[in-house]
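Only one structure is covered here, and it is reproduced in the block below.
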Amino acid sequence: MLDLETERETHAAFKSRHLQLLKVSSLCYRNMTKMGPSLIFITLLLLNCCIQANSITVNCIVTQDKDMTCMWNKDGLSFENYSLYYWYNSDGVKAAAPCAHYLQERGINIGCWFNSSAVRTFSTFNVRLNSSKQEHKQLFRNLQDLVKLEPPVKLHVENTSDLELLLSWEPSRGFRLLCFTYQVKYRSLASDSWTVKNVTSTQFSLPSYSRDKLYTFHVRSKLSDLCASAVLWSEWSVGVSWGRNDTIPITETSLPIIAIISVGFSIAFFCVLAMLIRTERIWVILVPQIPNPEKGLQDLYKMYDGDFQEWIGVSKDVVKSLNHNYTEPLCSVCEDTECPVVENKKPPPT
């Protein structure tokens, strides 16, 4: 009987407490309704923040150099400062190690960077986030599934025939060629949409192209299903274009930039040319005039009254000494043996 009475008292007390809680809840609801929708909105916002804080997740990306970055609270939804610990299944939870390189924003830890020596791509990876209020655990079964490769390099395109364009490239380093799969996107200059094709080798053939169009190609890569279940593609590579039988490495914005640079150089060239033409002194320095010898000879002729011997520095005595002053007899030639003797006569002056 005593136990039964005790049970009844306990039941009555629980029922009374339950009724009190219902009254308090009803009173709170009435007060919130009287205070207007603003308080309800603030309450819902706080509840949403709490839910997001409790549902924090860790996102990790492994580069082809085998280093890894894990991020959490990237959008700043929580002001909790978490500490990260990690371990591999082969080592056990007792081997959990703290993060050595935290990534921070405004003094709050939002990520952790792991160097290549701490990353084992073909292993199960565990992380644990600790804060003053909660703890979060997360498991990554295969780190190779989180690898994000670098874009392919050395793109080259050529026309192997009148009916085909052949695009080739080199993959990023770090993995065997068998582990790569690719996507190629291309379009002509006249098109606004890209065509995307899946490729398993380092070459892509475009049949039935037009010689009158300019084509642009980009390539990206990820690990194939033979080596991982990766979902992360690399960024698109730098573009390469083909048109008018030439290969032109370009980016998406290179065509307008090249046009602007060409116009700018042309304007600058004509401005400099106009300045040179208008500035006579600079023009004379850059393009010296050829002297005219005719004017100088005329001045010399007038200065020495036409006597070029005086101009070259020869004295009159030397000129007279050069005149001959000798005589020789004249001899008459005839067939008759009795030819009269002709008196010596001086030759006429010359």
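What's counted below: heavy atoms across the whole structure, side chains too, no hydrogens, waters or symmetry copies. Numbers here are sequence positions counted from 1.
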Carefully, step by step, assess Ile110 and Gln104 under the rule side chain to side chain contact (heavy atoms under 4.5 Å, CB included).
-> CA-CA 5 Å; Ile110 61 170; Gln104 293 187 332; 5.8 Å; no
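- Remark: Glu235 CD is loosely packed, at most 12 non-hydrogen atoms of other residues, nucleotides or ligands lying under 6.0 Å away.
- Shortest non-hydrogen contact noted between Gln144 and Ser123 is OE1-N, 4.4 Å.
- Using a 4.5 Å cut-off on side-chain heavy atoms (C-beta onward), Glu158 and Leu167 make no contact.
- Under the 4.5 Å side-chain criterion, counting only non-hydrogen atoms from C-beta, Leu155 is in contact with Ser237.
- A 4.5 Å side-chain heavy-atom check between Thr181 and Asn198 finds every atom pair outside the cut-off.
- With rounding to the nearest 0.5 angstrom, the CG atom of Leu146 is 10.5 Å from the OG atom of Ser229.
- Residue Arg176 holds its CZ atom at 9.0 Å from CG of Leu226, rounded to the nearest 0.5 Å.
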Asp67 and Asn115: side chain to side chain donor-acceptor pair (under 3.5 Å), yes or no, with the steps?
-> CA-CA 5 Å; Asp67 58 57; Asn115 58 28; over 6 Å; no
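- Here Phe114 and Phe125 bring their ring centres to under 6.0 angstrom of each other.
- Between Arg187 and Asp192 no salt bridge is recorded (no basic side-chain N to carboxylate O distance below 4.0 Å).
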Trace of the side chain to side chain contact (heavy atoms under 4.5 Å, CB included) decision for Leu165 with Tyr215 = CA-CA 10 Å; Leu165 284 180; Tyr215 292 91; 4.1 Å; yes
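- Side chains of Val238 and His218 form no contact here, defined as non-hydrogen atoms less than 4.5 Å apart.
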Go through the steps to decide whether Ser172 and Gln64 satisfy the test side chain to side chain donor-acceptor pair (under 3.5 Å), and finish with yes or no.
-> CA-CA 8 Å; Ser172 53; Gln64 67 181 37; 2.8 Å; yes
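- Proximity of Trp113 to Thr69: side-chain heavy atoms (C-beta onward) are separated by under 4.5 Å at one or more points.
- When all heavy atoms are compared, the tightest approach of Ser221 to Leu149 is OG-CD1, 3.8 Å.
- The closest side-chain donor-acceptor pair between Arg128 and Ser83, if any, does not fall under 3.5 angstrom.
- Atom CZ of Phe122 has more than 12 heavy atoms from other residues, nucleotides or ligands within 6.0 Å.
- Annotation: cation-pi pair Lys185/Trp236 present, NZ/CZ under 6.0 Å from the ring centroid and within 45° of its normal.
- Taken together, the cysteine pair Cys60 and Cys70 places its SG atoms within less than 2.5 Å of each other.
- The shortest heavy-atom contact between Tyr82 and Tyr102 is O-CE2, 4.1 Å.
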Gln134 and His136: side chain to side chain donor-acceptor pair (under 3.5 Å), yes or no, with the steps?
-> CA-CA 7 Å; Gln134 62 176 327; His136 171 76; over 6 Å; no
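- Tyr182 has its side chain out of reach of Phe204: every pair of non-hydrogen atoms, C-beta onward, lies at least 4.5 Å apart.
- Residues Glu150 and Ser234 bring no donor and acceptor atom of their side chains to less than 3.5 Å of each other.
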Can you list the steps and then say if Trp242 with Tyr209 is a ring pair (Phe, Tyr, Trp, His ring centres under 6.0 Å)?
-> CA-CA 11 Å; Trp242 186 95; Tyr209 70 96; 5.2 Å; yes
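- Phe140 and Val58 get closest at one heavy-atom pair: CZ-O, 3.4 Å.
- Within the 4.5 Å cutoff, side-chain heavy atoms of Tyr85 are placed close to those of Asn130.
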Kindly determine whether Leu143 and Met68 satisfy side chain to side chain contact (heavy atoms under 4.5 Å, CB included), including the steps that lead there.
-> CA-CA 9 Å; Leu143 286 183; Met68 179 171 63; 3.9 Å; yes
Side chain to side chain donor-acceptor pair (under 3.5 Å) between Thr216 and Ser241, worked out | CA-CA 4 Å; Thr216 302; Ser241 290; 2.9 Å; yes
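- Note on Asp145 versus Lys222: no salt bridge recorded, every NZ/NE/NH1/NH2 to OD/OE distance being 4.0 Å or above.
- Judged by distance alone, the side chain of Gln183 and the main-chain N or O of Arg220 form no donor-acceptor pair under 3.5 Å.
- Hydrophobic cluster membership differs between Leu166 and Leu214, with clusters built from Ile, Leu, Val, Met, Phe, Trp and Tyr side chains linked at under 4.5 angstrom.
- Taking every heavy atom of both residues into account, Ala118 and Tyr86 meet most closely at CB-OH, 3.9 Å.
- Arg120 approaches Tyr88 most closely through the heavy-atom pair N-OH, 3.1 Å.
- Under the 4.5 Å side-chain heavy-atom criterion for Ile, Leu, Val, Met, Phe, Trp and Tyr, Trp233 and Val147 are members of distinct hydrophobic clusters.
- In this structure, Val184 and Val196 have side chains that are not in contact, with every pair of non-hydrogen atoms separated by 4.5 Å or more.
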